[in-house]
Structures are given as structure tokens and as C-alpha cells.
Trainee: 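Below is the structure I would like to discuss, written out as C-alpha cells.
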Amino acid sequence: MADSVRALARDLKRLLTTAADDMLPAVSAYGPETESLPAAVKVVAAVATGPKAESPQTAAVLEVTFPRAQSISLQEPTMTTADKTAALKALADTISHCTRCPLGATRLNAVPGEGNVNAAVMFVGEGPGFDEDRQGRPFVGRAGQLLTKMILAMGLTREEVFIANIAKCHPMTDPLHPEKHGNDRAPNAQEIACCRKYIEQQIAIVCPQYVIALGGVAAKSLISDASSLGALRGKFHPLHLDSVTLKKPVQILATYHPAALLRNPNWKKDAWADLQLVMDKLGLKGARN
């Protein structure tokens with residue numbers, strides 16, 4: 001059995017070396033500039049220039065362009081900071097003109113989201129409220145002030161995280177009177193479905209290590225087979241998106257929405273325990289002095 005495997009390996013290596021010999025004119029034409037060489041040529045060349053290369057001539061020529069120590073990566077390159085910034089800006093422009101659901105006709109301002117394009121942590125709420133609708137920024141009202149305190153308590157700042165919502169426009173109980181306070185409601189299933197691709201694209205672009213879903217609406221929108229917030233809290237879940245493919249695994253954690261904590265301060269202890277799970281993973285020690 002071992003002899004058969006060795007014979008097969010020798011035949012395969014001879015085939016690859018012959019292929020590399022045949023490719024020499026094309027490879028040589030590139031000279032020292034090899035970045036644009038087809039991936040298949042690079043792979044064959046790497047095999048041919050291995051320690052046991054059958055053809056000394058092939059190895060000698062290819063040694064210039066393919067040093068033996070150089071590894072060949074076929075992975076898709078990651079986005080640069082500039083790439084992410086441009087992609088998020090283009091997406092924000094699209095969101096600002098979106099009228100896919102009725103919320104686009106009653107909002108004052110769309111609220112795409114904001115923050116560090118390279119954030120390790122991304123917070124996702126359910127939708128903008130009264131203050132957010134006027135400023136076009138997420139979490140700037142009373143609930144937003146509490147979220148800022150929660151972020152600071154973790155040992156981070158708002159500038160170091162990314163903050164967004166499932167719905168990008170203000171869901172109102174009385175859309176004919178947007179000037180009214182207390183006119184907020186959770187987005188419905190249709191509105192969430194229309195906006196879902198936007199939050200998924202934002203997550204894919206930022207590609208954080210952890211997404212923290214704030215409240216049951218956000219949690220059940222992003223976590224597969226979600227039941228209740230209580231059943232989801234206290235543990236990490238793998239994040240799977242419908243419209244995009246993540247370049248690396250992202251975990252999601254569900255906790256209480258800051259607005260719920262304002263109504264029920266007794267839940268703050270449990271919310272803090274949830275945030276500490278992320279802190280432990282990232283090695284955060286809490287509020288900075």
C-alpha cells in the first residue's frame with residue numbers, strides 16, 4: 001500500500017513539473033512582476049520549485065519569481081479601513097433614500113448607524129425613536145445616554161464600537177403627528193424584512209467579533225430559531241445572515257434594551273452580567289480611570 005502511494009506521488013509530481021516546464025515561456029514573460037500571474041500557474045510553480053524538483057532548469061528559472069519560502073494564499077483579501085468607510089457611506093446614502101416600506105414616507109431622517117468601521121463590538125437595537133429621528137443618529141435620547149454609560153462601563157467608548165438598529169427609520173404609533181413625544185413603537189415584521197438587508201450588510205462590512213442585540217426585537221431578528229429574550233440571554237450564539245456571507249465567524253449575545261432598563265432598573269444587574277461575558281472574551285477590565 002505504501003509503495004503504491006509513493007509511486008502515485010512521484011507520478012503526480014512529475015506531471016506538475018512537466019506542466020511547469022510548459023508554462024516557462026508564459027511565466028518568464030512576467031519577469032519579476034508576478035502579482036498578476038494566474039493562481040493555477042503559481043500553484044504549479046510552487047510545486048515545481050519544491051525541495052525535490054525534477055527539473056533543475058525549471059527550478060532555476062522559477063526560483064526568481066517564486067522563492068521556496070513564499071507561501072501562496074488563495075484567500076479573499078480583507079477590506080481595508082478605507083474600503084469599509086466607503087462601503088458604509090454608500091450604504092448610508094442608499095438608506096437615506098430608501099422608501100421600501102411606509103416608514104420611509106413618515107420619517108424625518110433615516111438613521112443608518114455610526115461608529116468605528118473596525119469595531120470588535122457592534123450594538124444593534126430595534127429602531128430609532130423621537131430624538132434619533134431628528135438627529136439622524138442612533139441612540140442619542142435617554143436610552144442612548146444609558147447605552148453610552150454601559151459602553152463606558154465595559155472599558156470602551158462610543159467611538160470604539162459601532163451602533164445601529166434593525167429598522168433604519170422611526171416607527172411611530174401615530175405617523176401623522178411626528179412631533180408628538182411618546183410616539184414610538186417596535187418595527188413590525190414587514191418593516192424588519194424591508195430593512196434586514198441593510199443591517200446584514202453593515203455587520204458584514206464591519207465584521208465585528210461580537211454583536212450585542214439590544215432587546216427582544218433585535219435578538220429575535222438576528223438569532224436563528226429565537227424564542228424569548230429570556231431564553232437567549234446569558235450565552236453566545238453563532239450569527240448567520242440571510243443576504244450576505246461573513247468572512248469570519250461572528251458571535252451574537254442578547255441582552256436588555258436600554259429603554260427597558262430605564263423602565264425596570266432591577267434588570268440592570270442582569271444586563272451587566274451579559275456585557276461581562278463579552279468583556280471576558282475581549283480581555284476588557286471595565287471603566288477606564
Side-chain angles (χ1 to χ4, degrees), residues 79-148 150-151 156-172 175 178 183-208 210-215 217-219 221-222 239 241-244 246-247 250 252 257-259:
M79 295 179 73
T80 65
T81 298
D83 292 336
K84 290 183 176 184
T85 301
L88 288 170
K89 183 180 184 303
L91 186 57
D93 290 341
T94 299
I95 292 170
S96 68
H97 294 93
C98 180
T99 56
R100 298 182 69 206
C101 77
L103 295 184
T106 59
R107 70 182 179 221
L108 298 180
N109 290 289
V111 185
E114 66 183 28
N116 185 351
V117 301
N118 296 311
V121 181
M122 185 170 181
F123 292 87
V124 179
E126 60 182 42
F130 181 90
D131 294 294
E132 291 76 16
D133 193 17
R134 278 146 184 77
Q135 297 188 38
R137 299 180 57 215
F139 284 92
V140 292
R142 288 185 63 226
Q145 293 169 15
L146 178 55
L147 177 60
T148 299
M150 294 163 65
I151 294 170
L156 297 167
T157 65
R158 279 185 68 117
E159 291 72 27
E160 292 175 302
V161 303
F162 198 93
I163 305 173
N165 283 297
I166 296 291
K168 302 303 184 185
C169 300
H170 182 198
M172 290 177 267
N183 196 15
D184 308 325
R185 63 169 174 82
N188 60 37
Q190 177 195 3
E191 294 156 355
I192 291 172
C194 288
C195 263
R196 183 178 179 85
K197 71 172 186 177
Y198 296 139
I199 188 63
E200 290 196 349
Q201 289 172 7
Q202 287 176 315
I203 293 172
I205 293 168
V206 177
C207 208
Y210 300 97
V211 170
I212 299 178
L214 300 169
V217 172
S221 297
L222 293 174
L239 182 61
L241 304 180
D242 294 341
S243 61
V244 292
L246 293 169
K247 293 181 180 179
V250 176
I252 182 168
H257 193 284

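We count residues from 1, following the sequence as given. Quick caveat, the model's predicted, so the values are computed rather than measured.
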Trainee: What's the separation between atom NZ in Lys197 and atom CG in Leu241, rounded to the nearest 0.5 Å?
Mentor: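 Going from NZ on Lys197 over to CG on Leu241, the span is 14.5 Å.
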
Trainee: Supply the atom-to-atom distance Asp131 CG to Asp184 CG, rounded to the nearest 0.5 angstrom.
Mentor: 8.5 Å

Trainee: Between Asn116 and Asn118 (side chain of the first, backbone of the second, donor and acceptor by atom type, cut-off under 3.5 Å), is there such a pair?
Mentor: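 Yes.
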
Trainee: Give a yes or no on whether the backbone of Val206 and the side-chain of Lys84 come within a donor-acceptor separation of less than 3.5 Å.
Mentor: yes

Trainee: Starting at CZ of Phe123, measure out to CE of Met150 and round the result to the nearest 0.5 Å.
Mentor: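 Interatomic distance, Phe123 CZ to Met150 CE, rounded to 0.5 Å: 6.5 Å.
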
Trainee: Run the side chain to side chain contact (heavy atoms under 4.5 Å, CB included) test on Ile205 and Val117 for me, step by step, so that the C-alpha distance in whole Å, both residues' side-chain angles and the decisive distance to 0.1 Å come before the verdict.
Mentor: CA-CA 8 Å; Ile205 293 168; Val117 301; over 6 Å; no

Trainee: Under a 3.5 Å distance rule, please check whether Gln190 uses its side chain to pair with a backbone N or O of Cys101 as donor and acceptor.
Mentor: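 No; zero donor-acceptor contacts below 3.5 Å.
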
Trainee: What do the steps show when you test Asn165 against Phe139 for side chain to side chain contact (heavy atoms under 4.5 Å, CB included), and what is the final call?
Mentor: CA-CA 9 Å; Asn165 283 297; Phe139 284 92; 3.5 Å; yes

Trainee: Under the rule for side-chain contact (heavy atoms from CB on, under 4.5 Å), what residues qualify as partners of Pro112, not counting sequence neighbours?
Mentor: Ala92, Ile95, Gln202

Trainee: Of all the heavy-atom pairs spanning Glu160 and Ala119, show the shortest one and how long it is.
Mentor: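 So the minimum-distance heavy-atom pair works out to O-CB, 3.5 Å.
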
Trainee: Report the C-alpha distance between Glu126 and Ile166 in whole Å, list the side-chain angles of each, state the deciding distance to 0.1 Å, and finish with yes or no for side chain to side chain contact (heavy atoms under 4.5 Å, CB included).
Mentor: CA-CA 5 Å; Glu126 60 182 42; Ile166 296 291; 5.5 Å; no

Trainee: Rounded to the nearest 0.5 Å, what's the gap from CG on Leu88 to CG on Asp83? Could you check?
Mentor: 11.0 Å

Trainee: Hey, is the main chain of Ser243 close enough, under 3.5 Å, to the side chain of Arg196 for a donor-acceptor pair?
Mentor: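 No; zero donor-acceptor contacts below 3.5 Å.
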
Trainee: Sub-3.5 Å donor-acceptor pair from the side chain of Asp133 to the main-chain atoms of Asn109, do we have one?
Mentor: yes

Trainee: Checking salt bridge (charged side-chain N to carboxylate O under 4.0 Å, His left out) between Glu191 and each of Arg100, Arg107, Arg185, which is the one that passes?
Mentor: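 The salt bridge (charged side-chain N to carboxylate O under 4.0 Å, His left out) with Glu191 is passed solely by Arg185 among Arg100, Arg107, Arg185.
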
Trainee: So His170 and Leu108, do their side chains get closer than 4.5 Å, heavy atoms only?
Mentor: no

Trainee: Find the distance between CD1 (Ile203) and CZ (Phe162) and round it off to the nearest 0.5 Å.
Mentor: 10.0 Å

Trainee: Identify the heavy atoms of Tyr198 and Lys168 that sit nearest to each other, and give their distance.
Mentor: CB-CE, 4.0 Å

Trainee: So, do Pro187 and Val217 sit near enough that their side-chain heavy atoms are less than 4.5 Å apart?
Mentor: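 Sidechains of Val217 and Pro187: in contact.
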
Trainee: Can Val121 and Ile151 be said to form a side chain to side chain contact (heavy atoms under 4.5 Å, CB included), step by step?
Mentor: CA-CA 10 Å; Val121 181; Ile151 294 170; over 6 Å; no

